[in-house]
> 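Structure in structure tokens, see below.
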Amino acid sequence: MPELPEVETIARGLDRRVRGDVIESVWLGSKPEPLKSPAQEIVATLESRRINGVRRMGKHIVLDLEEVVGQAGVARRAKKSVRRRAGATSTKAQWIVHLGMTGRLLVCPPSEETAKHTHAVVKLASGRELRFVDPRRFGRLSVASNGDFEASGSEPLEVNLENFVDLFRGRKTPIKSALLNQKLLRGVGNIYADESLFRAGVRPRRRAASLTRENLSLLHSSLREVLKEAIKLGGSSVSDYVDADGEEGFFQLRHRVYGREGEPCLVCKTPIKRVVIAGRSSHYCPKCQK
DNA sequence: ACTATTTCCTGGATGC
DNA sequence: TGCATCCAGGAAATAG
């Protein structure tokens, strides 16, 4: 389940592998569910574009695209001119991928067998293919043909303490739910919400507005720590997460509460509790977290 | 303006 | 072995 550290790892890996490559053609699966933008617009925005870079915004992967210049590009543009006009794309555009729960972006040779649940195949000038595979179909593909994609919320690793504190002011919702709310903070999911709350000593059910300044200060730094540490370890591999190179992350070995229901707290040996908050399982130590 | 709940989707785990 | 049931979860939709 890719959250900020996993998406960051994947985006970095993709950047290394496909930056500078040119998209030659795009195949989209017949089922429209994984598409957030119209299929025709996606194709028109991607084809004949160079990938200038790949980066993360919240849980989104953003591929910055640019019109190809030079002979090959001109010829290709001429060929696609009809569709290109319909798409009305600018020279700078973006391809935005949200991996949902089980989405993956694979870079592979065309000879590689097409995995089940492959919803998009992008052919690159280097001869490789970039494939979007997503069994559970929670992932989404979209484009910003003018390059103006903006994700909601603050970046957890960039927001300062003052702004962080402001996010929770007056909110009656449990702090756990607030951390998961992408309109407040973008990129925090279930694992890192639980882990940061444990490190901050705050119970997930506490009303956000009830947290003291000290609580919030601790939560702010705990969240930063936990995210940075996870990025360093390549994310958490639970279920079948792997990065762009097919490598697993190792942060799952550092989880202190997530997925440890009934196991002893690593600090005080009290069994870790699991409760459901806003439909999400939430793990905490009843002794260490108040 | 918020907050809470439901829905989408499939594969793996569990139970009888 | 086979079949039904449950569960995981991000975010949009819906309800309150």
Side-chain angles (χ1 to χ4, degrees), chain A residues 1-11 29-38 56-62 96-105 114-120 132-142 144 149-156 166-197 204-211 223 227 230 235-242 248-249 251-252 255 257-262 272-284:
Chain A
M1 47 212 76
E3 304 179 28
L4 187 152
E6 292 78 30
V7 179
E8 179 71 31
T9 304
I10 291 165
S30 52
K31 303 242 178 116
E33 298 96 71
L35 306 183
K36 238 177 131 178
S37 304
R56 175 194 64 78
M57 277 179 85
K59 294 175 193 170
H60 299 269
I61 294 170
V62 180
I96 300 115
V97 180
H98 194 298
L99 298 173
M101 280 283 291
T102 53
R104 293 165 77 167
L105 278 173
T114 305
K116 207 176 164 186
H117 307 298
T118 298
H119 306 303
F132 176 63
V133 183
D134 183 18
R136 230 169 283 182
R137 308 176 87 97
F138 277 15
R140 291 292 179 265
L141 301 183
S142 62
F149 173 73
E150 283 188 53
S152 61
S154 305
E155 274 294 331
D166 280 345
L167 294 177
F168 305 105
R169 190 154 285 151
R171 299 205 171 258
K172 293 184 201 140
T173 195
I175 184 64
K176 168 70 183 275
S177 301
L179 286 172
L180 295 179
N181 185 345
Q182 302 297 300
K183 291 190 168 64
L184 301 179
L185 286 170
R186 62 188 193 212
V188 181
N190 209 32
I191 295 173
Y192 299 100
D194 280 6
E195 293 298 319
S196 61
L197 285 168
R205 270 205 220 279
R206 284 271 299 280
R207 304 281 140 185
S210 80
L211 268 66
L223 184 58
L227 292 173
S236 302
S237 285
V238 295
S239 75
D240 54 1
Y241 162 77
V242 288
E248 293 194 350
F251 191 73
Q252 67 281 9
H255 292 176
V257 285
Y258 182 84
R260 298 194 62 244
E261 182 186 11
I272 299 300
K273 272 200 157 190
R274 188 183 80 91
V275 295
V276 174
I277 301 171
R280 298 287 163 262
S281 56
S282 304
H283 314 74
Y284 70 99

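Lettering of chains follows the sequences in order, A, B, ..., and the numbering in each one begins at 1. Everything numeric here is computed off the predicted structure, so don't read it as measured data.
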> Rounded to the nearest Å, what distance is computed from the CD1 atom of residue A/I191 to the P atom of nucleotide C/dA8?
13 Å
> Can A/H60 and A/F149 be said to form a ring-ring contact (aromatic ring centres under 6.0 Å, His included), step by step?
CA-CA 10 Å; A/H60 299 269; A/F149 173 73; 5.2 Å; yes
> By nearest atom, which of the nucleotides B/dT3, C/dG9, C/dA11 is closest to the A/T173 side chain?
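Nearest listed nucleotide: B/dT3.
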> For C/dG10, does either OP1 or OP2 sit under 4.0 Å from a side-chain N or O belonging to A/H98?
no
> Side-chain N or O of A/R171 versus OP1/OP2 of B/dT3: is the shortest distance under 4.0 Å?
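True: A/R171 side-chain N/O within range (under 4.0 Å) of B/dT3 OP1/OP2.
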> Nearest-Å distance, CE (A/M101) to C1' (B/dG11)?
11 Å
> A/L184 CG to C/dA11 C1': how many Å, rounded?
14 Å
> Relative to the 5' end of DNA chain B, which residue comes earlier, A/S177 or A/R280, by the nucleotide with the nearest heavy atom?
A/S177
> When the distance from NZ of A/K36 to P of C/dA12 is rounded to whole Å, what number comes out?
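Interatomic distance, NZ of A/K36 to P of C/dA12: 5 Å.
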> To the nearest Å, how far apart are A/L180 CG and B/dT3 P?
14 Å
> B/dT10, C/dA11, C/dG9: which one has an atom nearest the side-chain heavy atoms of A/H117?
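The listed nucleotide nearest to A/H117's side chain is B/dT10.
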> Would you kindly give the NZ-to-P distance between A/K183 and C/dA11, to the nearest whole Å?
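A/K183 atom NZ is separated from C/dA11 atom P by 9 Å.
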> Report which part of the nucleic acid A/S281 touches: base, sugar-phosphate, or nothing (heavy-atom distance under 4.0 Å, all strands).
sugar-phosphate
> Which nucleotide, C/dA12, C/dA11, B/dG11, lies nearest any side-chain atom of A/K116?
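That would be B/dG11.
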> Would you indicate whether the side-chain heavy atoms of A/R137 and A/M101 approach each other to under 4.5 Å?
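Contact flag for A/M101/A/R137 side chains = no.
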> Are any of the side-chain heavy atoms of A/L35 and A/R140 separated by less than 4.5 Å?
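Sidechains of A/R140 and A/L35: no contact.
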> Roughly, in whole Å, what's the span from CG in A/N190 to P in C/dC7?
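Checked: the CG to P distance equals 15 Å.
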> What contact category does A/R274 fall into here, base, sugar-phosphate, or nothing, at under 4.0 angstrom with non-hydrogen atoms?
sugar-phosphate
> Can you tell me if A/K59 touches the phosphate of C/dA11, counting only side-chain N or O atoms and a distance under 4.0 Å to OP1 or OP2?
yes
> Considering just the side-chain nitrogens and oxygens of A/K172, establish if one lies under 4.0 Å of OP1 or OP2 belonging to B/dA4.
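For B/dA4, OP1/OP2 do not have a side-chain N/O of A/K172 under 4.0 Å.
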> Can you tell me whether the side chain of A/R140 and the base of C/dG10 have a donor-acceptor pair closer than 3.5 Å?
no
> For A/G279 and A/G170, find the nucleotide of DNA chain B closest to each by heavy atoms; which residue's nucleotide sits nearer the 5' end?
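Here A/G170 is the residue nearer the 5' end.
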> With the side chain of A/P174 defined as its heavy atoms from C-beta on, choose the nearest nucleotide among B/dT3, B/dC9, B/dA4.
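Ranking B/dT3, B/dC9, B/dA4 by closest atom to the A/P174 side chain puts B/dA4 first.
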> Does A/Y192 put a side-chain nitrogen or oxygen below 4.0 Å from OP1 or OP2 of C/dG10?
no
> What I'd like to find out is whether the side chain of A/L99 reaches to under 4.5 Å of the side chain of A/F138, using heavy atoms alone.
no
> Tell me the interatomic distance from A/R205, atom CZ, to B/dT3, atom C1', rounded to whole angstroms.
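The answer, rounded to whole Å, is 15 Å.
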> Compare all side-chain heavy atoms of A/L179 with those of A/Y192 and state whether any distance is below 4.5 angstrom.
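Counting from C-beta outward, A/L179 and A/Y192 never come under 4.5 Å.
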> Applying the side chain to side chain donor-acceptor pair (under 3.5 Å) test to A/N190, which of A/E3, A/H283, A/K176, A/E195 qualifies?
A/K176
> Which is true for A/R186 with a 4.0 Å heavy-atom rule: it touches a base, it touches only sugar-phosphate, or it touches nothing?
nothing
> From the list B/dA4, C/dG10, B/dT10, which nucleotide is the closest neighbour of the side chain of A/F138?
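The closest nucleotide is C/dG10.
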> With a 4.0 Å cutoff (strictly under), does any side-chain N or O of A/T102 reach OP1 or OP2 of B/dG11?
no
